[in-house]
Amino acid sequence: MAVQFGHIAGYPTGSPFKNREELRIAGLHSQNMAGISGNAKTGADAIVVSGGYVDDADYGEIIIYTGHGGRDPNTGRQIRDQELIDSGNAALVRSELEGLPVRVIRGRHNKRHHQSPFAPSSGYRYDGLYRVESHWAKMGVDGFRVWQFRLVKLKDGEVSTPKDTSPASIDQYAVGPAPVTTSIMQRIVRNSMIAHIVKSWYSHECQVCGLAIQVEGGLYSEGAHIRGLGQPHHGPDVPENLLCLCPNDHVRFDNGAIYLTDELHVMDALTGQAVGQLRVHKNHKIDLRHVAYHRECWTKD
DNA sequence: GGGCCCGCAGGG
DNA sequence: CCCTGCGGGCCC
């Protein structure tokens, strides 16, 4: 089952579900038991918040969600440290690094756990999209290390239809083996899905220098638009206008320290000398019109 | 209410 | 194959 990010067609925010099986059939959450849906490589697409972990806190628009692992299945208490590399926890880190939207589903809190005022009185309820803002480790109330994630509800303005991208292009670059229909992909966080696809081609290795930043929980890279989005450049949010860069080369590129020739040589603006060749994946068609636009912004003659 | 046991999906 | 995981139903 492919990991699907964003809203799922036919199930608006507030949709009720009887149990986990209904959620799984509807495609909102792939797991029958686990709280985190998704995987470490692609990211987490959904979580269930049902107060299963004692260190959780639900403030409505902000959720402190505890990662999984280290729990005694019978008592629900922590009996050993949690690990960030456990797939569900790493999946949430991946969603944080790439700004992917996470579906939040609240479940009725059973008596074993503390009640959240935001929990439904019965069953489960889809409560919309959140972003993972940060994560950290702390000593849990049971005396073992837990990993925690701060999730913040996305405003409607932060969730939008990618008007600049043709439906065909979305299908072509769909995440996962199954074809993705445009109805499922209708509402996604601007830019993050396109960047996610481009980054996956390069395994987060910078197209300029080849470096992939290693952080706890995985690799990091940035999606750099060749021709900027919005005012005044009006570049499109498509893979043809995006590069996978390390933070240093992203800053260099956005501020004119480096630019590209039509042959995709990397040029040092200070010396005017070529300093390398842009790495390009076979699936990545770079639009030279955007390359020329960027170059003309940063060259005098 | 708690205990028990039977589930499935996903990953190693 | 094994194991784990914010279920769930049934029994008492």
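Every chain is numbered from 1 and lettered A, B, ... according to where its sequence line falls, protein lines coming before strand lines. Excluded from the calculations below are hydrogen atoms, water molecules and symmetry mates; all remaining heavy atoms, backbone and side chain alike, are included.
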* To do: Go through the side-chain N and O atoms of A/Thr66 and A/Asp56 and say whether any donor and acceptor fall under 3.5 Å apart.
  => yes

* To do: Using a cut-off of strictly less than 4.0 Å, decide whether A/Thr66 has a side-chain nitrogen or oxygen near OP1 or OP2 of C/dC6.
  => no

* Asked: What nucleotide among B/dA9, C/dG8, C/dG5 has an atom nearest to a side-chain atom of A/Asn19?
  -> C/dG8

* In whole angstrom, what separates A/Ile36's CD1 from C/dT4's C1'? -> 13 Å

* Asked: So what does A/Gly88 hit on the nucleic acid, given a heavy-atom distance under 4.0 Å: a base, only sugar-phosphate, or nothing?
  -> nothing

* Structure fact -> Taken to the nearest whole Å, CD1/A/Ile63 to C1'/C/dC6 is 13 Å

* Length of the line joining A/Ile25:CD1 and C/dG7:P, which is rounded to integer Å -> 16 Å

* Quick one: is A/Ser30 getting a side-chain N or O under 4.0 Å of the B/dC8 phosphate, OP1 or OP2? -> no

* DNA chain B in dot-bracket, Watson-Crick or G-U pairs under 3.5 Å, [ ] crossing, | other strand? -> ||||||.|||||

* Asked: Across the strands shown, which category fits A/Asp86 at heavy-atom distances under 4.0 angstrom: base, sugar-phosphate, nothing?
  -> nothing

* So what does A/Gly123 touch, heavy atoms closer than 4.0 Å: a base, only the sugar-phosphate, or nothing? -> nothing

* Whole angstrom value for the distance that separates P of C/dG5 from CG of A/Asn89 -> 10 Å

* Please measure how far the C1' atom in C/dC6 lies from the corresponding atom in B/dG12, and state the result in whole Å. => 22 Å

* **Options B/dG10, B/dG7, B/dG11, nucleotide nearest the side-chain atoms of A/Gln31** => B/dG10

